[in-house]
K.L.:
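Sharing a structure below in structure tokens format, with a few things to ask.
Just so it is clear: chains get the letters A, B, ... in the order the sequence lines come, proteins before strands, and each one is counted from 1. Treat the numbers as computed from the prediction; the structure is a model and nothing was measured.
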There are 2 protein chains.
Amino acid sequence: MAGKRVTIRDVAISAGVSYQTVSRALNDKPEIDATTKERVLDAARELGFRPSRFARALVRQDTTSVGLVIPDLLNPFFTEVASAALEAARKRGWHVVVYDTAGDGEQELGTLEVIGSQVDAIVGYLNAPADVVARYTGGIPVVYIGRESAGASFGSIRVDGEAGIHAAVAHLVAGGRCRIGMLDHEHAAPSARSRWYLDALRSHGLSGWVLGAGQSVEGGEIGVAALLDAHPDLDGLLTYNDVIAIGAVRRARMLGRRVPQDCAVIGFDGVQIGSLVEPPLSTVRIDTRQLGALAVEQVATLLAGATPEVTTITGTLVLRGTA
Amino acid sequence: MAGKRVTIRDVAISAGVSYQTVSRALNDKPEIDATTKERVLDAARELGFRPSRFARALVRQDTTSVGLVIPDLLNPFFTEVASAALEAARKRGWHVVVYDTAGDGEQELGTLEVIGSQVDAIVGYLNAPADVVARYTGGIPVVYIGRESAGASFGSIRVDGEAGIHAAVAHLVAGGRCRIGMLDHEHAAPSARSRWYLDALRSHGLSGWVLGAGQSVEGGEIGVAALLDAHPDLDGLLTYNDVIAIGAVRRARMLGRRVPQDCAVIGFDGVQIGSLVEPPLSTVRIDTRQLGALAVEQVATLLAGATPEVTTITGTLVLRGTA
DNA sequence: ACCGGTCACGTGACCGGTCACGGAGAGTGT
DNA sequence: ACACTCTCCGTGACCGGTCACGTGACCGGT
């Protein structure tokens with residue numbers, strides 16, 4: 001039992017034929033006698049033979065698998081993207097290997113290195129700069145999700161929230177609010193979303209405050225507490241994503257703010273659970289299913305040898321309960 | 001550009017060495033001159049050479065990848081399990097290929113067939129009976145999640161919610177409730193959870209009603225509407241999972257029931273978002289991280305040749321807002 | 001009895017790498 | 001100048017399959 005792998009030749013000698021015949025039997029090739037085929041199949045079953053996927057894939061180079069790299073599968077936005085990508089990949093008969101980097105830059109690079117020799121292409125929400133990624137992945141097609149500057153050598157799905165965020169700010173201002181803050185992500189460089197926010201404020205003659213927050217409910221709770229501490233009269237809040245917004249709404253209410261009356265909140269992403277919390281979250285919605293599908297589509301074009309392109313997906317303001 | 005794949009031998013002739021030397025250079029083997037190595041690496045880079053993962057894996061049979069089959073990645077319970085499994089697999093250096101069967105039995109079998117020749121083991125929340133699964137997977141190790149009867153030839157993580165559901169019913173009864181319904185899943189066979197529910201009711205001298213519901217928020221909404229229609233004086237509700245419960249709470253409130261005053265609701269799974277909805281969902285909590293970790297662990301033991309076992313993970317009642 | 005045509009099966013090459021050898025050339029000691 | 005090591009690199013086999021051929025048995029037709 002501890003023994004070696006049972007190969008096609010073991011089956012062959014057990015059935016008293018050549019290994020080529022075994023291959024024929026297993027692959028439903030026509031040029032084989034029915035009884036022989038039966039005998040071979042029996043032998044294979046008896047020995048518990050399983051063809052090596054590597055050997056098989058080596059010769060007929062068909063199986064493609066793409067690596068999906070995301071920072072946090074527990075963030076519903078990424079879950080939705082992953083789900084959509086999975087579905088799109090299934091339609092093409094591709095396999096999707098999922099990697100969760102836990103938002104950790106080091107793990108991201110480690111993942112890219114491992115993955116680079118294990119998949120045919122990579123789709124991911126990557127933080128590392130393009131040249132670093134290129135070095136780690138060794139030249140396989142890469143499609144970025146949600147980055148502004150993708151670099152010329154990669155495919156990219158750009159998330160354009162400019163119009164959505166401008167609309168969001170305009171809505172808040174129209175509601176008479178003028179002390180509007182933002183909880184951004186925590187990375188060194190401020191996000192494009194925060195720039196859009198500042199732009200929008202400026203166009204209304206306002207200024208605001210941007211504070212970094214962890215990308216989790218708890219991060220939103222901590223962030224909003226800090227923001228309210230510094231600016232107790234905050235009457236509007238935008239967030240980097242919905243998860244942060246949900247945390248922010250919770251904590252704001254615990255701190256005695258009525259949402260949306262005292263302080264309106266608008267998230268970003270448009271995840272499903274946003275509509276389940278109380279009050280339902282207003283947000284700039286991204287079509288995650290389309291996003292996932294587009295990413296897979298780009299992989300397909302890159303794999304076919306096309307030059308990388310940038311597809312843009314646009315967020316739209318969805319007003320529910322919190323604003 | 002449209003040409004063939006660039007192999008190790010192309011690199012070899014380009015660098016003016018034998019292909020063995022190329023292999024040495026790429027794998028950081030010691031027996032190679034530094035300058036030669038550099039030259040080879042340059043040539044490889046120039047040609048855009050990428051080693052074939054299949055050829056490599058074929059000879060040193062180390063890379064293991066497990067297939068994770070789940071019915072619906074958008075259901076947060078499965079997301080949490082997947083996340084935990086991903087993390088556990090990463091620790092072992094395994095790759096995880098994720099498949100979403102969309103709760104469809106046909107797709108499940110199709111997936112198993114494809115996957116069977118693409119991964120070394122399967123972990124999954126499978127519906128098909130054991131013998132069918134065995135036929136489709138062709139004998140590779142399989143670990144079931146959340147099934148009562150696993151069959152002797154598979155590993156299995158059993159979800160034991162008996163104590164939790166009994167506690168849930170006891171709590172409802174202690175609160176003076178005696179018209180307690182349940183929204184089960186929709187499959188042909190009633191779930192173990194519904195049996196536990198009926199058992200628990202019986203032990204209190206009560207009887208109840210079980211209704212199948214789709215495993216989604218919407219399913220819960222529809223289900224509770226039907227249940228309230230048939231039994232307007234329903235004062236307690238258990239559900240197959242939290243997602244259904246969330247839908248049930250929403251619709252129940254829309255139908256004028258106060259939760260928990262008029263009708264208490266207790267879900268199952270203990271997903272994170274349960275604590276974010278309003279009111280926070282009471283539930284029978286399963287430790288999803290442990291579940292995922294245990295599944296991977298079982299795969300490891302099966303891969304090592306051990307005989308399949310059954311591990312049990314026990315749910316505990318968590319009382320929050322809805323009961 | 002001879003011949004061409006199927007049918008069933010075996011032989012050899014190949015997919016793209018890795019590994020165990022063996023051998024050439026340079027460097028040492030005497 | 002000799003043998004002897006050591007370093008560096010090439011040759012051959014192999015991993016476990018698939019595919020393009022080649023070959024022998026069997027068939028009916030003349």
K.L.:
Please table the atom pairs, donor to acceptor, closer than 3.5 Å between any side-chain atom in residues 291-309 of chain A and protein atoms at least two apart or in another chain.
P.N.:
residue	atom	partner	partner atom	Å
A/Q298	OE1	A/S156	N	3.1
A/Q298	NE2	A/S156	O	3.0
A/Q298	NE2	A/T311	OG1	2.7
A/T301	OG1	A/Q298	O	2.8

K.L.:
Can you list the residues that meet the side-chain contact (heavy atoms from CB on, under 4.5 Å) rule with B/R24, with sequence neighbours excluded?
P.N.:
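B/R24 satisfies side-chain contact (heavy atoms from CB on, under 4.5 Å) with B/Q20, B/T21, B/K29, B/E31, B/I32 once adjacent residues are dropped.
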
K.L.:
Which nucleotide, D/dC9, D/dG16, D/dG17, lies nearest any side-chain atom of B/L58?
P.N.:
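Among D/dC9, D/dG16, D/dG17, the one nearest the side chain of B/L58 is D/dG16.
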
K.L.:
Determine, for nucleotides 20-25 of chain D in 5'-to-3' order, which nucleotides have protein heavy atoms under 4.0 Å from the base (write B), from only the sugar-phosphate (write S), or from neither (write -).
P.N.:
B-----

K.L.:
B/F54 or B/K29: which one's nearest nucleotide on DNA chain C is closer to the 5' end?
P.N.:
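Counting from the 5' end, the first nearest nucleotide belongs to B/F54.
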
K.L.:
Can you name the nearest heavy-atom pair linking A/A128 to A/Y144, along with the distance?
P.N.:
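Reported closest heavy-atom pair: O-OH, 3.5 Å.
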
K.L.:
Output yes when at least one side-chain N/O atom of B/S52 is less than 4.0 Å from OP1 or OP2 of C/dC15, else no.
P.N.:
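The answer is no; no side-chain N or O of B/S52 sits under 4.0 Å from OP1 or OP2.
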
K.L.:
What's the closest nucleotide to the side chain of B/D33 if the choices are C/dG17, D/dC8, C/dC15?
P.N.:
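Looking only at side-chain atoms, B/D33 lies closest to D/dC8.
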
K.L.:
Scan residues 7-19 of chain B against DNA chain D and write down, sorted by residue number, each residue with any heavy atom closer than 4.0 Å; if none is found, say none.
P.N.:
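The answer is B/V17, B/S18, B/Y19.
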
K.L.:
For DNA chain D, which consecutive runs of 3 or more Watson-Crick or G-U pairs (each distance under 3.5 Å) count as stems?
P.N.:
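Consecutive-pair runs (3 or more) involving DNA chain D: C:1-30 with D:1-30.
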
K.L.:
Tell me, which pairs form a side chain to side chain donor-acceptor pair (under 3.5 Å) where one or both residues lie in residues 65-81 of chain B, sequence neighbours left out?
P.N.:
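Side chain to side chain donor-acceptor pair (under 3.5 Å) check on residues 65-81 of chain B returns A/R53-B/S65, B/E80-B/T288.
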
K.L.:
Taking the side chain of B/P51 as its heavy atoms from C-beta onward, which of C/dG17, D/dT18, D/dG16 lies nearest to it?
P.N.:
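Looking only at heavy atoms from C-beta outward on B/P51, the closest nucleotide is C/dG17.
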
K.L.:
I need the CG-P distance between B/D28 and C/dT18, as an integer number of Å.
P.N.:
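Distance, rounded to whole Å: 12 Å.
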
K.L.:
What integer distance in Å separates A/R56:CZ from C/dC14:P?
P.N.:
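In whole Å, C/dC14 P lies 22 Å from A/R56 CZ.
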
K.L.:
Could you state the CZ-C1' distance from B/R53 to C/dG16, rounded to the nearest angstrom?
P.N.:
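Taking atom C1' of C/dG16 as the reference, CZ of B/R53 is at 13 Å.
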
